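Keep in mind the model is a prediction, meaning the values are calculated, not measured. Convention: sequence-line order gives letters A, B, ...; per-chain numbering from 1.
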Amino acid sequence: MQIATWNVNGIKARIEGLLAWLDDVRPDIVCLQEIKSVDEGFPEHLFAERGYNVATHGQKSFNGVAILSRHPFDETSARLPGDETDEQARFLSATISTRDGALTVASLYCPNGNPLGTEKFSYKLGWMERLEAHVRGLLAEETPFVLAGDYNIIPEPIDARRPEAWVDDALFQPESRAAWRRLLGLGLVDALRATSDAGDLYTFWDYQAGAWQKNNGIRIDHALLSPQAADRLASVVIDKRVRGWERPSDHVPLIVELDIAAR
DNA sequence: ATGGCTGCAGGATGCAGA
């Protein structure tokens, strides 16, 4: 079972490239972030005709997450629990049936948090605390799950080509990195780091200042696996080809393969 | 670099992103 995550930075702007990528890779499940579309504006039929079920949690202009799945959803759930007043569309989870029982996959778009010293940074940290609380509940169920998305956190210096350039950025703050480490401390596994300790593994290159041409990238898109999912981890790939395509997103897909068969 | 691009809403340019 291949589970991918991709911050597409606008579904309308990326539909052509996304469809070409889907036809090429044909992953079982795709978690999308920053669709920047309301649910009604999401081109569901283009995915349905390729055999994908579609779940969206959209918002006008900003944010928005979606899940595409070649396997039927048993249930879907939008919004990260813990704050009923939070209107930002950043979390969607779905459960599918496998030969070994239920598998939960969540598409998440953690807040950016810049600039520091503003309510945006405290919102980021509060959101990560809510995610941690939600993860504690999921772990108690002892079923396999994958939390895939744009975490907007650079975990370690090796995850940036120029870590010194990010020290005053919300993505690389000690508090942000501590929130990430707390998730690992609960027993979640960083899929990419479970398969490689190499550098030069990035998922984002800024549009500005020739970041892609200079390989000035950062690793901020991640898949965290529950212990039961990590036991089935087969491979992890960052598909950086698409960053060189026409009109690219500034993020590229991360693809996790689990030795789990759909029912 | 002075975020140097990009997407979005809307119909000009401001906001958000990372």
Query raised in the report: Does any donor atom in the side chain of A:Asn7 or A:Glu34 lie under 3.5 Å from an acceptor atom in the other side chain?
Result: yes
Query raised in the report: What distance, rounded to whole Å, do you find between the two C1' atoms, one in B:dA18 and one in B:dG3?
Result: 10 Å
**Report entry** C1' spacing across the pair B:dG10 / B:dC15, given as an integer number of angstrom
**Finding:** 13 Å
Report summary line: Under a 4.0 Å heavy-atom cutoff, the residues of residues 240-248 of chain A touching DNA chain B are A:Arg247
Query raised in the report: Strictly by modelled atom types, are A:Thr85 and A:Asp83 linked by a side-chain donor-acceptor pair under 3.5 Å?
Result: yes
**Report entry** The single option from A:Thr104, A:Asp74, A:Thr143 passing side chain to side chain donor-acceptor pair (under 3.5 Å) against A:Thr95
**Finding:** A:Thr104
Report task. Considering only atom C1', compute the distance from B:dG7 to B:dA12 and round it to an integer number of Å. Result -> 16 Å
Query raised in the report: Taking NZ, NE, NH1 and NH2 as the nitrogens, is one of them in A:Asp23 or A:Arg50 under 4.0 Å from a carboxylate oxygen of the other?
Result: yes
Query raised in the report: Is A:Arg14 near enough to B:dT6 that one of its side-chain N or O atoms lies under 4.0 angstrom from OP1 or OP2?
Result: no
Query raised in the report: Using the C1' atom in both, what is the distance from B:dT13 to B:dA1, to the nearest Å?
Result: 23 Å
Report task. Using a 4.0 Å heavy-atom cut-off across all strands, classify A:Ala13 as base, sugar-phosphate, or nothing. Result -> sugar-phosphate
Query - salt_bridge(A:Glu175, A:Lys124) N-O dist < 4.0 Å - result: no
**Report entry** Residues, nucleotides or ligands: over 12 heavy atoms within 6.0 Å of A:Glu49 CD
**Finding:** yes
Report task. Spell out protein contact along nucleotides 9-18 of chain B as letters: B when the base is contacted, S when just the sugar-phosphate is, - when no protein heavy atom is under 4.0 Å; keep the 5' to 3' order. Result -> SS-----SSB
Query raised in the report: Cation over ring, A:Arg90 on A:Tyr109, under 6.0 Å and within 45°?
Result: yes
Report task. Would you kindly check if the NZ (Lys) or CZ (Arg) of A:Arg70 is within the cone defined by 45 degrees around the ring axis of A:Tyr52 and under 6.0 Å from the six-membered ring centre? Result -> yes
